[in-house]
Amino acid sequence: MSLVKRNNLMLPNLMSEFFTPDWFGGMETYKNVPAVNIIENDKDFALELALPGFVKEDFNIEVDNDVLTISSEVERETEAKEDNYTRREFRKASFKRAFTLPETVNTDTINAAYENGILRLTLPKKEESLPKPKRLIQIG
């Protein structure tokens with residue numbers, strides 16, 4: 001049995017949409033956590049997080065007591081001045097995701113790479129948890 005939280009009330013969603021529209025585009029910050037794919041292979045686990053608009057220096061990735069935490073807090077300001085106008089843009093985005101790692105993960109050799117808006121983490125499995133090759137047993 002799985003527990004699913006459902007909000008069947010329509011009014012709070014309408015009120016939220018009415019009072020927090022993104023009128024000018026690009027002003028919405030991360031209200032939700034980023035989407036993640038978790039893939040298990042024979043040798044490792046792979047995590048892929050969709051995080052467009054960041055740079056690799058924006059991320060903080062740490063492991064403590066078999067809990068992998070990925071977070072970021074970014075504040076940027078840009079300003080463009082022309083003859084008859086000034087445009088200032090502010091960007092603030094933050095998120096935090098935490099994953100409880102299984103005992104089979106080797107936390108000392110976790111790798112991370114950020115490319116094309118995707119943060120990829122490779123979590124290698126411990127040697128003793130890797131599948132053993134099939135062997136033939138002779139009858140004596």
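Computed from a prediction, not measured in an experiment: that's the story for all the values here. Computation of the quantities below employed the complete heavy-atom set of this structure, encompassing side-chain atoms and omitting hydrogens, waters and symmetry-equivalent molecules.
Applying the side chain to side chain donor-acceptor pair (under 3.5 Å) test to every pair with at least one member in residues 60-74, sequence neighbours left out, gives no pairs at all.
For Glu79, the CD atom sits in a packed shell: over 12 heavy atoms of surrounding residues, nucleotides or ligands are nearer than 6.0 Å. Few gaps surround CD on Glu77; more than 12 heavy atoms of other groups in view lie less than 6.0 Å from it.
You'll find the side chain of Leu123 stays beyond 4.5 Å of the side chain of Asp44, heavy atoms only. Under the 4.5 Å side-chain criterion, counting only non-hydrogen atoms from C-beta, Leu101 is in contact with Ile110. For the pair Pro124 and Lys43, the minimum side-chain heavy-atom distance is 4.5 Å or more. Between Glu48 and Ile39 the shortest side-chain heavy-atom distance falls below 4.5 Å. Residues Ile70 and Leu49 meet the side-chain proximity criterion, which asks for heavy atoms closer than 4.5 Å. Put simply, the side chain of Leu68 does not reach to within 4.5 Å of the side chain of Thr100, judged on heavy atoms. By the 4.5 Å heavy-atom criterion applied to side chains, Phe45 and Phe99 are not counted as neighbours.
Checked against a 6.0 Å centroid threshold, the rings of Tyr114 and Phe54 do not count as neighbours.
Summarising the geometry, atom CG belonging to Asn106 is positioned 9.5 Å from atom CD belonging to Glu127; distances are rounded to the nearest 0.5 Å.
At a threshold of 4.0 Å, the pair Arg87-Glu82 does not count as salt-bridged, since none of the basic side-chain nitrogens sits closer than that to a carboxylate oxygen.
For Asn111, there are no side chain to side chain donor-acceptor pair (under 3.5 Å) partners two or more places apart in sequence or in a different chain.
Closest of all the heavy-atom pairs between Asn41 and Lys125 is O-NZ, 2.9 Å. Contact detail for Ile118 and Ala50: the closest heavy-atom pair is CD1-CA, 4.1 Å.
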